[in-house]
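Atoms considered below: every heavy atom in the structure, side chains included; atoms not considered: hydrogens, waters and symmetry mates.
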Amino acid sequence: DAGVIQSPRHEVTEMGQEVTLRCKPISGHDYLFWYRQTMMRGLELLIYFNNNVPIDDSGMPEDRFSAKMPNASFSTLKIQPSEPRDSAVYFCASSTQGAGEQYFGPGTRLTVT
Amino acid sequence: KNEVEQSPQNLTAQEGEFITINCSYSVGISALHWLQQHPGGGIVSLFMLSSGKKKHGRLIATINIQEKHSSLHITASHPRDSAVYICAVRGSYNTDKLIFGTGTRLQVFP
């Protein structure tokens with residue numbers, strides 16, 4: 001298996017633009033997690049899905065952030081409009097059990113200028 | 001105060017040394033994870049444990065539920081062990097959410 005796939009790997013955009021991050025989980029994994037990592041706050045859970053249904057989105061910072069999982073093999077995290085403070089590395093991870101071992105994607109490094 | 005505290009924040013060692021990284025948490029948990037983040041940024045799950053001890057190669061993880069404390073040990077450390085080690089806990093109240101420590105940056109010199 002190719003592991004968790006994220007795209008793009010790097011994204012540079014201007015403040016106010018819409019940003020869409022993409023994730024393909026490992027086939028057969030029914031849990032998908034979106035994380036954000038910054039120097040100041042470390043790793044933080046933004047939202048997670050079970051069987052394509054959002055279970056906990058309490059970590060989504062504000063209405064500018066939204067996430068969808070239209071099917072078992074694809075999820076998106078959208079920021080609209082983007083702000084410089086959104087600059088971070090965004091990781092997607094998947095697992096077969098919510099409490100089980102998580103497999104992380106390589107991350108998307110987002111820079112908002 | 002963070003719910004998950006790690007110590008030390010930074011650690012340097014000579015190749016071959018025995019290394020211990022500590023994790024303390026203040027919430028009830030159902031499981032604790034140790035993760036490794038390579039200098040290139042990739043994150044790998046090392047261990048998931050809810051009691052006792054687990055061993056994988058030169059890595060050993062222990063947990064004491066009563067004391068709310070876990071340790072990650074590396075025996076015969078090697079420069080390739082240089083990474084950030086992150087402790088994360090899953091709460092015990094019907095959630096799959098992980099709460100992360102801030103990580104311990106380890107550098108092993110030859």
| field | Parallel, tilted or perpendicular, as decided by the 30° and 60° cut-offs, for the rings of B:Phe18 and B:His73 | value | parallel
Does atom [atom1] of [X] have more than 12 heavy-atom neighbours, drawn from other residues, nucleotides or ligands, at distances under 6.0 Å?
| X | atom1 | answer |
| --- | --- | --- |
| B:Asn10 | CG | yes |
| B:Arg105 | CZ | no |
| A:Arg41 | CZ | no |

| task | Could you tell me whether the side chain of B:Val27 reaches within less than 4.5 Å of the side chain of B:Val4, counting heavy atoms only? | result | no
Does any backbone or side-chain atom of [X] lie under 4.5 Å from a heavy atom of chain A? Answer side chain, backbone, both or neither.
| X | value |
| --- | --- |
| B:Leu46 | neither |
| B:Ser45 | both |
| B:Leu35 | side chain |

| task | Could you have a look at B:Val84, B:Ile99, B:Thr102, B:Leu98 and say which one has the most heavy-atom pairs with chain A under 4.5 angstrom? | result | B:Leu98
| said: Please rank A:Tyr31, A:Tyr103, A:Tyr35 by heavy-atom pairs under 4.5 Å with chain B and give me the top one. | reply: A:Tyr35
| query | At a heavy-atom separation under 4.5 Å, does A:Ser95 approach chain B through its side chain, its backbone, both, or neither? | reply | neither
